[in-house]
Chemist: 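Here it is, the structure, as structure tokens.
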Amino acid sequence: MNLALKPSTKKIALVDCNNFYISVERVFNPALVNKPVVVLSNNDGCAVARSQEAKDLGIAMGAPYFKLKQKITQYSIEVYSSNYVLYGDMSARVMATLSHFSPDVEVYSIDEAFIDLSWLSGDELKKYATAIRRTIMMWTGIPVSIGIAPTKTLAKVANRVAKRQPQHHGVFVYPHTEPDKKTVLDTIAVEDIWGIGRQYSIWLRSNLINDAFELKNTPEWLIQPKMGIVGIRLLRELNGISCLSLELQPKSKRATCVSGSFSHPIKTLEQMKEAIATHTTSAGAKLRKQKQSTTAITVFILTSKFKDNYYSNSITITLPIATNRTPELINAAIRGLELIYRDGYEYKKAGIICQGLIPQNIRQGNVFLQDYSSDKQQRLMETIDRLNATMGRNTVFWGVSGINKSWIAKRDNLTSRYTTSWSELPIVKASLPSD
DNA sequence: TCTGGGGTCCTAGGACCC
DNA sequence: TCTGGGGTCCTAGGACCC
């Protein structure tokens with residue numbers, strides 16, 4: 001047998017926060033416990049998180065808000081705009097808690113982490129994971145589910161079992177014997193496997209591969225032509241052969257994107273310039289925080305795809321020198337915008353993507369241009385970032401970004417940033433019992 | 001009136017080079 | 001009829017994830 005195909009002996013745990021955004025809202029507003037709650041996407045567009053009670057009422061992931069309004073009134077569903085500052089801060093607390101339990105933590109997303117527990121014996125796993133779960137609840141108030149298996153893909157499967165089957169109390173260890181594995185994999189529909197999305201599940205089902213057990217036993221030659229190397233890896237992971245290792249160092253980003261829908265359509269170039277300049281300003285701040293510079297900037301604009309007269313366009317501007325300075329970025333973005341903007345359309349969304357990111361300390365000189373490194377410009381950017389960090393976002397901004405910003409996204413039901421803003425600390429209202 | 005945002009990886013195909 | 005071969009780099013588009 002090929003050495004690389006040896007079954008994994010690792011014990012990988014996937015720790016996943018239950019209904020994360022909802023759980024965060026509940027930490028700061030316990031009255032929401034046991035009630036149907038929905039959190040909306042940016043611009044209050046559609047439902048991105050639902051409590052179990054809301055799921056039971058048939059609120060689908062991604063359902064547009066305007067289609068939900070009737071149900072929301074009918075069942076008194078609580079609705080919140082997404083509060084990413086608060087969710088990000090609570091996420092960091094959960095991840096910090098995990099690092100007390102394993103030296104090897106891969107933060108996979110805002111609400112999930114893979115951790116290595118390979119040093120534990122099979123018998124100790126359940127007890128240890130239960131302790132993790134209890135500690136996270138105690139320190140942060142967030143409920144989690146934990147699935148443990150020899151590969152990441154199987155840990156995802158185990159996590160699903162932990163979450164769906166209450167008898168396991170939120171912790172499930174993937175079994176060792178073949179019949180037990182079959183029992184678990186039989187319950188996982190093919191579209192619920194990590195890495196199988198809409199297109200692949202349609203194809204798999206048309207080939208009579210309907211669940212994880214059937215996929216596990218499909219020969220590689222059948223999968224390869226359609227799903228390529230990704231499919232082969234997935235198949236092997238299901239068979240206990242590790243193809244995806246733990247990524248302990250966060251990889252530096254290859255691209256950074258800032259985009260957004262408008263509260264109402266933009267119909268003039270002037271307003272669009274404001275929007276693009278605003279997004280570009282955020283992107284610049286992101287790049288500087290990541291200590292990266294960009295070599296190219298893509299501008300894109302589009303109208304609603306749900307309406308007639310659809311128009312979308314994009315353009316990529318290559319920068320003569322990699323930069324993360326807002327004025328240079330805005331110049332390039334506006335230049336791009338002017339090339340793709342057409343009058344007579346109602347634009348619904350716009351954004352920019354910075355690509356070809358490189359570490360900001362590597363500065364590739366261009367012999368035709370003077371190099372501006374480490375001069376007043378650099379100090380100016382640092383000062384602006386510091387002011388905005390300490391005195392609030394947009395304390396200092398560029399005039400071209402506009403002042404009114406009537407197009408800015410809606411967030412009508414926003415909770416406070418309880419953990420990161422002194423002015424928004426939770427208020428405890430105490431009243432003395434009257435006799 | 002109202003349909004998210006920010007990412008990753010992989011592949012195919014074209015341009016270009018020797 | 002014939003159209004080198006091998007390699008790299010870049011880009012666009014598809015599929016997926018949370």
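Chain letters run A, B, ... following the sequence lines, proteins first and then strands; every chain starts at 1.
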Chemist: Side chains of A/T187 and A/R160: donor-acceptor distance under 3.5 Å anywhere?
Modeler: no
Chemist: Which whole-number value in Å describes the distance from A/R50 CZ to B/dG4 P?
Modeler: 16 Å
Chemist: Does the side chain of A/K251 get closer than 4.0 angstrom to OP1 or OP2 of B/dC9 through an N or O atom?
Modeler: yes
Chemist: Quickly work out the A/R233 CZ to B/dC9 P distance and round it to whole Å.
Modeler: 10 Å
Chemist: How would you label the contact of A/Y65 with the nucleic acid (heavy atoms, under 4.0 Å): base, sugar-phosphate, or nothing?
Modeler: nothing
Chemist: Answer yes if the ring centres of A/Y200 and A/W194 are under 6.0 angstrom apart, and no otherwise.
Modeler: no
Chemist: What's the OH-C1' distance between A/Y21 and B/dG4, to the nearest Å?
Modeler: 10 Å
Chemist: With rounding to the closest Å, how many angstrom separate the P atoms on B/dT3 and C/dC18?
Modeler: 25 Å
Chemist: Of A/V230 and A/C46, whose closest DNA chain B nucleotide lies nearer the 5' terminus?
Modeler: A/C46
Chemist: Between A/L357 (CG) and B/dT8 (C1'), how many Å, whole number?
Modeler: 13 Å
Chemist: Just by modelled atom types, is the A/W407 backbone N or O under 3.5 Å from a matching donor or acceptor in the A/S263 side chain?
Modeler: yes
Chemist: Counting side-chain heavy atoms from CB outward, which of C/dC18, B/dG4, B/dC9 is closest to A/D111?
Modeler: C/dC18
Chemist: Just by modelled atom types, is the A/E214 backbone N or O under 3.5 Å from a matching donor or acceptor in the A/T218 side chain?
Modeler: yes
Chemist: Can you tell me, in whole Å, how much space there is between the P of C/dG4 and that of B/dG14?
Modeler: 16 Å
Chemist: Going 5' to 3' through nucleotides 10-17 of chain C, assign each nucleotide B (protein heavy atom under 4.0 Å from a base atom), S (under 4.0 Å only from sugar-phosphate atoms) or - (no protein heavy atom that close).
Modeler: -----SSS
Chemist: Within the distance-only criterion (no hydrogens, no angle test), does the side chain of A/S201 pair as donor or acceptor with the backbone N or O of A/V190 below 3.5 angstrom?
Modeler: no
Chemist: Rounded to whole Å, please give me the gap between CG in A/N413 and C1' in B/dC2.
Modeler: 14 Å
Chemist: Of the listed nucleotides (B/dT3, B/dG4, B/dC9), which one gets closest to any side-chain atom of A/K348?
Modeler: B/dT3
Chemist: Checking the side chain of A/S23 only, and the main-chain atoms of A/N18 only, is there a donor and an acceptor separated by less than 3.5 Å?
Modeler: yes
Chemist: Polar atoms only, N or O, under 3.5 Å: list the protein pairs with nucleotides 5-7 of chain B and their distances.
Modeler:
residue: B/dG5; atom: OP1; partner: A/S261; partner atom: N; Å: 2.5
residue: B/dG5; atom: OP1; partner: A/S261; partner atom: OG; Å: 3.2
residue: B/dG5; atom: OP2; partner: A/S261; partner atom: OG; Å: 3.0
residue: B/dG5; atom: OP2; partner: A/K349; partner atom: NZ; Å: 3.3
residue: B/dG6; atom: OP2; partner: A/S259; partner atom: N; Å: 2.7
residue: B/dG6; atom: OP2; partner: A/S259; partner atom: O; Å: 3.3
residue: B/dG6; atom: OP2; partner: A/S259; partner atom: OG; Å: 2.7
residue: B/dG7; atom: OP1; partner: A/K286; partner atom: NZ; Å: 3.1
residue: B/dG7; atom: OP2; partner: A/C257; partner atom: N; Å: 2.4
residue: B/dG7; atom: OP2; partner: A/C257; partner atom: O; Å: 3.4

Chemist: Taking atom types as modelled, find out whether A/D44 and A/S81 have a side-chain donor-acceptor pair closer than 3.5 angstrom.
Modeler: yes
Chemist: Quickly work out the A/M61 CE to C/dC18 C1' distance and round it to whole Å.
Modeler: 7 Å
Chemist: Answer yes or no: are there more than 12 heavy-atom neighbours, outside A/K291 itself, under 6.0 Å from its atom NZ?
Modeler: no
Chemist: Among side-chain atoms of A/R288 and A/N324, is any donor-acceptor pair under 3.5 angstrom?
Modeler: no
Chemist: Please tell me if the side chains of A/Q360 and A/Q292 come closer than 4.5 Å, counting only heavy atoms from C-beta onward.
Modeler: no
Chemist: Name the stems that DNA chain B belongs to, where each is three or more consecutive Watson-Crick or G-U pairs with both distances under 3.5 Å?
Modeler: B:5-18 with C:5-18
Chemist: With side chain to side chain contact (heavy atoms under 4.5 Å, CB included) as the test, pick out the partner of A/F28 among A/T415, A/L86, A/N83.
Modeler: A/L86
Chemist: Name the nucleic acid region contacted by A/I229, choosing base, sugar-phosphate or nothing; use a 4.0 angstrom heavy-atom cut-off, strictly under.
Modeler: sugar-phosphate
Chemist: Are any of the side-chain heavy atoms of A/V85 and A/T419 separated by less than 4.5 Å?
Modeler: no
